[in-house]
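Let me begin by presenting the structure, written as structure tokens, before commenting on it.
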Amino acid sequence: MKQNFIEELKWRNMLQDSMPGTEELLNKEMVRGYIGFDPTADSLGVGNLVQIMTLLHFQRAGHKPIALVGGATGMVGDPSGKSSERNMINEETLQYNLGCQKKQLEKFLDFNSGENAAEIVNNYDWFKNFTFLDFIRDAGKYITVNYMMAKDSVQNRLENGMSFTEFSYQLVQGYDFYHLWKNNGVKLQMGGSDQWGNIVTGTELIRKKAGGEAFALTTPLIKKADGSKFGKSENGNIWLDPAKTSPYKFYQFWLNAGDADVANYIRIFSLKNRAEIEALEQEHLAAPHLRLLQRTLAEEITARVHSEEALQRAIETTGILFGTSFDAFKALSSTEIEDAFDADVTFKVESTLLENGLDPLALLAEHSSIYNSKGEARKAIQGNGCSLNKEKVSLAQKFTSADLLHGKYLLVQKGKKNYYLIVAN
RNA sequence: GGGUAAGUAGCCAAGUGGCCAACGGCAACAGACUGUAAAUCUGUCCUCUUCGGAGUUCGGUGGUUCGAAUCCAUCCUUACCCA
């Protein structure tokens, strides 16, 4: 069952812009299309997930998706959307990042589906032996500086300055498109709307240099309803790598999405069809407090990005920490408790210390690093922002062995949503 | 190479000799209210602290002064104009 790619993107609100003729091309034949990924970090984040989904829908519509990892472009630095010159990352880091991202991409796309099997390419492969002189003759000659200057990504930087390196970026990315067009039969480049300028530099180069035709399609940038950035949480970016963002936190991120955003998200990140999603939306409107959309979305994405088991564990942890009363928590077995906490939120404390009674500052800041300093812990406690075994902590309190569950556990809450486990041994 | 303007906390930005750990805004975190939502109100927001304080900051380095983000010298960075 092939879907119409453009129609699919439209109802999912994933279509920002496309070049005239793009839809006709897609209806006519199996198209090879690519999206570039920038190796600035050692993991992709949920921000990149939009582009991954675009490729996935593209493949499901019967086309051939190609993910380009930017071994070469990463060395230059994309100025789009950046207000100042970027620091260069060294080659070693870059290689490492590339490897990590490649592994993640491989999880999403189907590489064994015959003629439209996904591919991953690295633009470093064709740039590594390309000399500067060749480049300015083979690519630079076809694009005028006037044209490059007109780009938003350049205009926005004229006030504060921009190096030649970053100015050249669009030409490097443009050449990627040309290379893939010429050698791999790629006719379409997709990307976030901030990439429009870079993408059309590519189609322009293809037209001028080879008289060929190529197409562009962009997706809107996701914004939260309050205008803040998508994909960040209190602890920074939400990554796809379970070592950097645990499946539990990943699940929580989606579960915590606001109503105003979640309808948007589910269309983008869910593979459910239109009827299913619209039905869910109806149901959600009838009873918003059940947060059906958030739950459905969180479950689907967590299972896809991590695994069904990781999802089950995240749901269980959530149930233990949020859903049930403390009595229910007490009823859990030691194994269940320990399973619910990841290593980075578990702290060990000598049980002898507790026998003598420990004040909260010593316990939370000195003997564990739930808080970085006593001052920080003190402020949080004074602000009523810390609970132990589900009860608000006061500075005057002392904790002893009698407070331990199963003789060894203490449940600590920093704020409402951050849980830690202290194990006495 | 010449001239002009600028560089203050995560970001924006006030501050032109003591009242400055530095107005204000954004972001962030926490509390109340809620639906683990939004909006709103409140608190925190350089570091450490025995909560009395202590230490380190205003591009870098030196200097003047009892005292410098503030004055002087010099260097660095950036923008604009001229060559």
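Every chain is numbered from 1 and lettered A, B, ... according to where its sequence line falls, protein lines coming before strand lines. Below, all heavy atoms of this structure are taken into account, side chains as well, without hydrogens, waters or symmetry copies.
Summarising the geometry, the separation between CD on A/Glu366 and P on B/U49 is reported as 9 Å, rounded to the nearest angstrom.
Nucleic acid contact for A/Asn384: sugar-phosphate only, since backbone atoms but no base atoms lie under 4.0 Å from a heavy atom of the residue. Nucleic acid contact for A/Gln252: base, since at least one base atom lies under 4.0 Å from a heavy atom of the residue.
Of the nucleotides present, B/C12 is the one that pairs with B/G24 by Watson-Crick or G-U wobble criteria, both distances under 3.5 Å. When both pairing distances are held under 3.5 Å, B/C66 makes a Watson-Crick or G-U pair with B/G18. Under the Watson-Crick or G-U wobble criterion, with both distances below 3.5 Å, B/U77 is paired with B/A6. Pairing for B/C33 is absent, with no Watson-Crick or G-U wobble pair whose two atom distances lie under 3.5 Å. Across all strands shown, B/U57 forms no Watson-Crick or G-U wobble pair with both distances under 3.5 Å. Across all strands shown, B/C51 remains unpaired; no Watson-Crick or G-U wobble contact has both distances below 3.5 Å. The pairing partner recorded for B/A39 is none, the criterion being a Watson-Crick or G-U wobble arrangement whose two distances lie under 3.5 angstrom.
For B/G52, the base adopts the syn conformation, since its glycosidic angle falls within 90 degrees of zero.
Between A/Phe5 and A/His63, the two ring planes are perpendicular [angle over 60°; tilted spans 30° to 60°].
The side chain of A/Asn372 sits closest to B/C48 out of B/C48, B/A30, B/G31. Checking B/C48, B/A30, B/A37 against every side-chain atom of A/Asn418, the shortest atom distance belongs to B/A30. Closest to the A/Lys417 side chain, of the nucleotides B/G35, B/U36, B/C45, is B/U36. Distances from the side chain of A/Gln294 to the nucleotides B/U44, B/G35, B/U36 place B/G35 closest. For A/Asn256, whose side chain is taken as the heavy atoms from C-beta onward, the closest listed nucleotide among B/G35, B/U44, B/U36 is B/U36. Distance from the side chain of A/Leu255 is smallest for B/U36 among the nucleotides B/U50, B/C45, B/U36. Picking from B/U36, B/G31, B/A37 the nucleotide with the shortest atom distance to the side chain of A/Lys392 gives B/G31.
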A/Trp254 vs A/Phe269, test: ring pair (Phe, Tyr, Trp, His ring centres under 6.0 Å). Steps then yes/no. CA-CA 11 Å; A/Trp254 298 103; A/Phe269 297 108; 5.0 Å; yes
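Across B/G55 and B/C20, the matching C1' atoms stand 16 Å from one another, rounded to whole Å. Taking atom P on both nucleotides, B/A83 is separated from B/C66 by 49 Å, rounded to a whole Å. When the C1' atom is compared between B/A22 and B/A9, the two are found 10 Å apart, to the nearest whole Å. Rounded to a whole angstrom, the distance from the P atom of B/G3 to that of B/G10 is 35 Å. B/A21 sits 13 Å from B/U56 when the P atoms are compared, rounded to a whole Å. As rounded to the nearest Å, B/G25 and B/A14 have C1' atoms that lie 11 Å from one another. Atom name P, nucleotides B/C58 and B/U4: the rounded distance is 26 Å, in whole Å. Here, B/A28 and B/A39 have their P atoms 10 Å apart, quoted to the whole Å.
With hydrogens and angles disregarded, no donor-acceptor distance shorter than 3.5 Å links the side chain of A/Lys151 to the backbone of A/Asn198. At least one donor-acceptor pair closer than 3.5 Å links the side chain of A/Gln59 to the backbone N or O of A/Asp110.
Of the two residues contacting RNA chain B, namely A/Gly383 and A/His284, the nearest-nucleotide position lying further toward the 5' end is that of A/Gly383.
When the side-chain nitrogen and oxygen atoms of A/Ser373 are compared with OP1 and OP2 of B/U49, one or more of them lie within a distance under 4.0 Å. In this structure, A/Arg378 reaches the B/U50 phosphate: one of its side-chain N or O atoms is under 4.0 Å from OP1 or OP2. Proximity of A/Lys416 to the phosphate of B/A30: no side-chain N or O atom is located under 4.0 Å from OP1 or OP2.
Rounded to the nearest 0.5 angstrom, A/Leu293 CG and A/Leu255 CG are separated by 11.5 Å. Atom CG of A/Leu363 sits about 9.5 Å away from atom CG of A/Asp403, to the nearest 0.5 Å.
A cation-pi arrangement, defined by a distance under 6.0 Å to the six-membered ring centre and an angle within 45 degrees of its axis, is present between A/Lys414 and A/Tyr371.
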